[in-house]
Amino acid sequence: MYPLRTILSTLLLTIATIVMAQQDDQRVLFTVEDTPVTVEEFTYIYSKTNGENATFSEESLQEYLDLYVKFKLKVERAKDMRLDTIQVLQEELAGYRRQLSDSYLIDRSITDRLIQEAYDHSTKDVDISHILVAVRPTAAPADTLAAYQRIQAAAERIQKGEDFATVAKDVSEDKYSKDKGGRIGFTTALYPAGLHNLEYAAYRLPENTVSMPIRTKAGYHLLLVNERRPARGEMEVAHIMIRKDESTSSAAAKTQIDSIYNLLQSEASSFDQLARNLSEDTRTAGNGGYLGFFGISRYEKPFEDAAFSLTEDDTYTTPVETSLGWHIIKRLSRKAIQPFPDEKPRLEGKVKQDPRFEDAKKALLRSIRDSNNFREDDALLNEYITTLPDTFTTFRWKATNVDDPRVIFELGDDYEVTLGELATYLTKATRQRVTYAREGDPETVARRLYDQFVDDQLLKFEETQLEKRYPEFRSLMREYEEGILLFEATKMEVWDKAAQDTVGLEKFFTGVAGKYRWAPRARVTTYRVGTNFAEEAEAIRAFASTHTAEEVKAAFNIEGTTKLVAEERTYEKFRNTELSEMEWAVGTVSDLVENKRSRNIKFLKIEELFEPANKTLAEARGYVIADYQDELERAWVAELRKAYDVKINQKVFKSLIQ
C-alpha cells in the first residue's frame with residue numbers, strides 16, 4: 001500500500017503538470033498591435049500546415065513565424081477595412097460554422113464514439129446465453145410492468161442458486177435458445193437493430209456473471225456471458241458432403257467420405273473434380289463445392305470450428321460430422337477483422353442506421369439539459385398550450401404572439417428562449433401539426449412539437465459552446481474567418497490592382513525590360529495522315545519536304561477524300577520534345593510516328609526559324625501580372641510593417657525549439 005501522502009503528492013503533481021501545459025499553450029508568442037497570437041494558435045497552424053515536416057527546428061519555426069506574421073498583418077488590415085462587417089462574408093462564415101458544428105456535435109459526440117465502440121466490439125466474439133420475456137416496445141404500461149416482474153422473478157431464482165439453464169428452459173420465450181438452456185453461442189457485433197443494449201452488456205459484463213434485466217425491442221433479457229475470444233472474421237470455403245439420412249447411415253456415409261479423403265490424399269483427383277462428381281450437396285457440387293464466405297454461427301459448430309482451424313489457404317480438413325452428414329472442408333481464403341481505418345466506412349453506415357444512434361443522440365440531449373441547468377416556466381407553458389384552439393391542428397392556424405418576449409426556458413448563464421420563438425416554430429411546423437393530429441388533440445400535438453423545439457434549442461445552445469469545449473473547433477473557425485478576410489483584403493489591395501492598373505502594369509513591365517523572352521522558336525506544320533492511307537504516308541512526307549501545306553493537301557486530298565490534315569503553330573524549341581530532337585533548320589522533316597489510339601501517322605516540318613527575342617507586354621501578360629502581384633504584395637507588407645507594431649517574444653519562441 002502506498003502512503004496517503006504519496007498518493008496525494010502524485011495527484012497534485014499530475015494536476016499541476018496539466019495546468020502548466022494549458023498555461024503554456026496560452027502564452028503570447030507575438031502581437032500585431034494589441035492582437036495576441038498564442039503558442040496554442042501558432043503551433044496548431046504550424047503543425048497542420050507542415051504535417052510530417054513539422055520538425056520544430058529553429059530554422060523551420062523561424063521561417064513559418066515570418067510567414068504567419070505577414071498573414072496576421074494582412075488580417076489586421078482587413079479588420080481595419082471593416083471587411084468583417086460585410087454581410088455576405090458574415091453569412092458565408094455562419095454557413096461554414098453550421099456545417100462544422102454539425103460535425104462536432106453529432107460526429108464528434110456521437111458518431112465517432114459509436115464507430116470506435118462498434119469496431120472494438122467486432123474484434124471479439126462473445127459466447128452468450130439469455131433468458132427472454134417478450135414485450136413489445138409499444139406495449140401498454142401494465143403489460144410492460146408484468147413482463148418486468150417476470151424477468152425480475154427469474155433473476156431472483158438465479159440469485160438464490162438455481163442454474164441459469166434450468167431457469168431459461170422454464171421461463172425464456174426465445175424459441176431458438178429455450179430448449180438449449182438459453183445458449184445462443186458465439187456472436188459478434190453489430191447485433192441486429194434494436195438489440196444494441198444486449199450487445200453492450202455482452203461486451204461489458206464479466207464472464208460467468210448474470211446481468212440485471214436488459215430492455216431491447218424484443219423485451220426484457222437476462223444475459224450470461226460464457227466466454228470471449230478474438231474475432232474469427234470470415235472464411236471462404238468449399239466442401240464435399242456425403243449425406244446421412246434414412247437410406248444412408250452415419251457409418252455408411254463415413255465410409256464414403258473416408259474414401260474420398262483418401263483420393264485427395266493420394267492426389268489422384270483434385271478437390272474441385274471430386275466435389276463436382278461425388279458431393280451430395282446439389283447446390284454447390286456443380287461449382288466445385290464452393291460455399292463462399294461465412295462468419296461465426298452461420299453453420300453448425302463442428303463445421304465452423306473445423307473450417308477456422310485451417311491456418312493456410314488451399315488446405316482441407318479431415319472428415320467432419322454435422323447433423324446433415326460428413327464434410328471435407330477446403331479453405332480458400334480468410335478475411336480477418338481489418339484495421340480501424342479500413343473498417344470505419346463500413347461501420348459508419350451501419351451505426352447511423354441503427355437505433356443506437358438515436359439513443360445516443362437522446363443521451364446527448366439529456367446531458368446538455370443536466371449539465372447546463374435547464375430551467376422551464378411550466379406555468380407559462382401550460383397556460384399557452386392548454387388555450388390553443390381546435391384550428392391548431394389545421395393548415396389555417398397561425399400564431400399571433402410571435403413577438404412575445406416572455407422567457408419559456410433558459411440554459412446556462414444567459415441563453416433564453418421566448419414564447420414568441422416557440423410560437424414561430426409551431427407556425428412553421430404546419431405539416432407536422434396536421435400529421436400529428438391523427439394521434440391526439442391540440443394539446444397533445446403541441447406538447448410533442450414543444451419537445452422537438454426544446455431538442456432543437458438544446459443543440460443550438462451547445463453550438464454556442466463549441467469554441468469553449470473544443471480547441472480545434474476554435475482554431476478551425478479562426479482559420480476560416482481569417483482566411484476569408486485575407487482573401488478579400490488581398491483581392492482589393494493586390495489582385496484587382498494588378499489586373500486593372502494598366503499604367504502601373506506597363507511601368508512595372510518597362511522596369512524589368514528583358515526579363516520576359518522568347519527562346520529560339522520555329523513555325524511548324526504538323527501533318528496527320530489517316531492510318532487507312534498508311535501506304536501513302538512516306539510519299540506524302542517526301543512531297544511535303546519541298547512543298548507548302550496547301551500544295552500537299554491539294555495533291556493528296558482529291559476526289560472528296562481527306563487523306564491528311566495539316567496544322568501550323570509556332571513552338572519554342574525546348575518546350576516541344578519532338579522539335580528538340582530534330583535538326584534545327586528550315587525544311588527539316590521529322591520521322592513518321594504512328595498513333596494507334598488516334599488512328600493517324602504524324603510528322604513535323606520546320607517552316608521558319610526565329611531567333612531569341614523579348615516578349616511584348618501582350619505576349620507575356622500572364623507572367624507580368626503574376627510578378628506585378630508579387631511586387632505589390634511585397635510593397636503592401638512593407639507598408640503594413642510600418643503601420644502596425646509587431647512584437648515577438650523571443651523567449652517564448654526559443655522554448656518551442658525541439
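Along the sequence shown, residues carry numbers from 1.
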Just checking, is any N or O donor in the side chain of Glu481 or Tyr96 under 3.5 Å from an acceptor N or O on the other one? no
Answer yes or no: does atom CD of Glu312 have more than 12 heavy-atom neighbours from other residues, nucleotides or ligands under 6.0 Å? no
Is it true that Asp272 and Arg276 make a salt bridge, defined as a side-chain N closer than 4.0 Å to a carboxylate O? yes
For Ser211, side-chain hydrogen bond (donor to acceptor under 3.5 Å, both in side chains) partners two or more places apart: none
Strictly distance-based, threshold 3.5 Å: is any side-chain N or O of Arg298 a donor or acceptor partner for the main-chain N or O of Phe293? yes
State, yes or no, whether a side-chain contact exists between Phe392 and Leu426 at a heavy-atom distance under 4.5 Å. yes
Scan side-chain atoms only and decide if Ser122 and Glu343 contain a donor-acceptor pair under the 3.5 Å cut-off. no
Which heavy atom in Asp258 sits nearest to a heavy atom in Pro319, and how many Å separate them? OD1-CG, 3.5 Å
Is Ser297 reaching over with its side chain to a backbone N or O of Phe186, donor-acceptor style, under 3.5 angstrom? yes
Among pairs that include at least one residue of residues 107-162, which meet ring pair (Phe, Tyr, Trp, His ring centres under 6.0 Å), considering only residues two or more places apart or in two chains? Tyr119-Phe340, His121-Tyr203, His130-His221, Tyr148-Tyr220
Just do the side-chain contact (heavy atoms from CB on, under 4.5 Å) check on Val320 and Glu300 with the steps written out, would you? CA-CA 11 Å; Val320 178; Glu300 291 181 27; over 6 Å; no
Between Arg229 and Asp127, is there a salt bridge with N-O shorter than 4.0 Å? no
Heavy-atom closest pair, residues Ile368 and Leu411: O-CD2, 4.3 Å
Heavy-atom check, side chain of Leu222 versus side chain of Pro213, under 4.5 Å: yes
Atom NZ of Lys169 and atom NZ of Lys178: how far apart are they, to the nearest 0.5 Å? 10.5 Å
Would one find more than 12 heavy atoms of other residues, nucleotides or ligands at under 6.0 Å from atom CG of Asp314? yes
Do you know the tightest heavy-atom contact between Leu449 and Ala429? CD2-CB, 4.2 Å
Taking the side chain from Arg228 and the backbone from Ala202, do they hold a donor-acceptor pair closer than 3.5 Å? yes
Please name the pair of heavy atoms, one in Ala423 and one in Tyr384, separated by the smallest distance, quoted to 0.1 Å. CB-OH, 3.7 Å
Arg331 versus Met235: any side-chain heavy-atom pair under 4.5 Å? yes
Answer yes or no: is there an ion pair linking Arg243 with Asp245, defined by an N-O contact shorter than 4.0 Å? no
Kindly say whether the aromatic ring centers of Tyr415 and Phe374 come within a distance under 6.0 Å. no
Would you say the side chains of Ser101 and Arg98 form a donor-acceptor pair under 3.5 Å? no
Salt bridge or not between Arg232 and Asp305? Use side-chain N to carboxylate O under 4.0 Å. yes
So does Phe294 get a backbone contact from the side chain of Lys335, meaning a donor-acceptor N/O pair under 3.5 Å? no
Salt bridge Glu467-Arg478, side-chain N to carboxylate O under 4.0 Å: no
Under 3.5 Å, is there a donor-acceptor pair between the side chain of Asn382 and the main chain of Asp378? yes
Geometric class of the Phe453/Tyr450 ring pair [parallel <30°, tilted 30-60°, perpendicular >60°]: tilted
Contact check, side chains of Arg215 and Val135, non-hydrogen atoms, under 4.5 Å: yes
Leu291 vs Tyr299, test: side-chain contact (heavy atoms from CB on, under 4.5 Å). Steps then yes/no. CA-CA 11 Å; Leu291 276 171; Tyr299 297 126; 3.7 Å; yes
First locate atom CD1 of Ile257, then atom OG of Ser279, and finally report the distance between them rounded to the nearest 0.5 Å. 7.5 Å
NZ/NE/NH1/NH2 to OD/OE distance under 4.0 Å, Arg204 and Glu117: yes
What I'd like to find out is whether the side chain of Thr284 reaches to under 4.5 Å of the side chain of Asn287, using heavy atoms alone. no
Would you indicate whether the side-chain heavy atoms of Met477 and Leu93 approach each other to under 4.5 Å? yes
Any idea which heavy atoms bring Ala118 and Val351 closest together, and the distance? CB-CG2, 4.2 Å
Derivation and outcome, side-chain contact (heavy atoms from CB on, under 4.5 Å), residues Val417 and Leu422: CA-CA 8 Å; Val417 179; Leu422 171 61; 5.9 Å; no
Within-4.5 Å side-chain heavy-atom neighbours: Trp397 and Leu388: yes
Is a donor on one side and an acceptor on the other found under 3.5 Å between the side chain of Arg183 and the backbone of Ser177? no
List the steps, then state whether side-chain contact (heavy atoms from CB on, under 4.5 Å) holds for Leu365 with Leu459. CA-CA 7 Å; Leu365 293 169; Leu459 290 176; 3.9 Å; yes
Residue from Arg346, Lys344, Lys350, Lys352 passing salt bridge (Lys or Arg N to Asp or Glu O under 4.0 Å) with Glu348: Lys352
How about NZ on Lys254, more than 12 heavy atoms from neighbouring residues, nucleotides or ligands closer than 6.0 Å, or not? yes
To the nearest 0.5 angstrom, please state how far the CD1 atom of Ile110 sits from the CD atom of Glu358. 8.0 Å
Check: Leu100 and Tyr480 side chains under 4.5 Å, non-hydrogen atoms: no
On a heavy-atom basis, which atom in Thr216 and which in Asn197 lie closest, and how many Å separate them? CG2-CB, 4.4 Å
Does the side chain of Asp120 pick up a donor-acceptor pair with the side chain of Gln116 at under 3.5 Å? yes
How about Lys124: does its NZ atom have over 12 heavy atoms from other parts shown lying under 6.0 Å from it? no
State the CD-CD distance between Glu463 and Gln457, to the nearest 0.5 angstrom. 10.0 Å
Donor-acceptor under 3.5 Å (Thr418 side chain, Glu421 main chain): yes
Gap between atom CD1 of Ile260 and atom CG of Leu278 - 0.5 Å precision: 4.5 Å
How long is the span from the CH2 atom in Trp326 to the OH atom in Tyr261, to the nearest 0.5 Å? 13.0 Å
Lys/Arg N to Asp/Glu carboxylate O, Glu173 vs Arg150, below 4.0 Å: yes
We want to know whether Asp441 and Thr444 form a side-chain donor-acceptor pair, criterion being a heavy-atom distance below 3.5 angstrom. yes
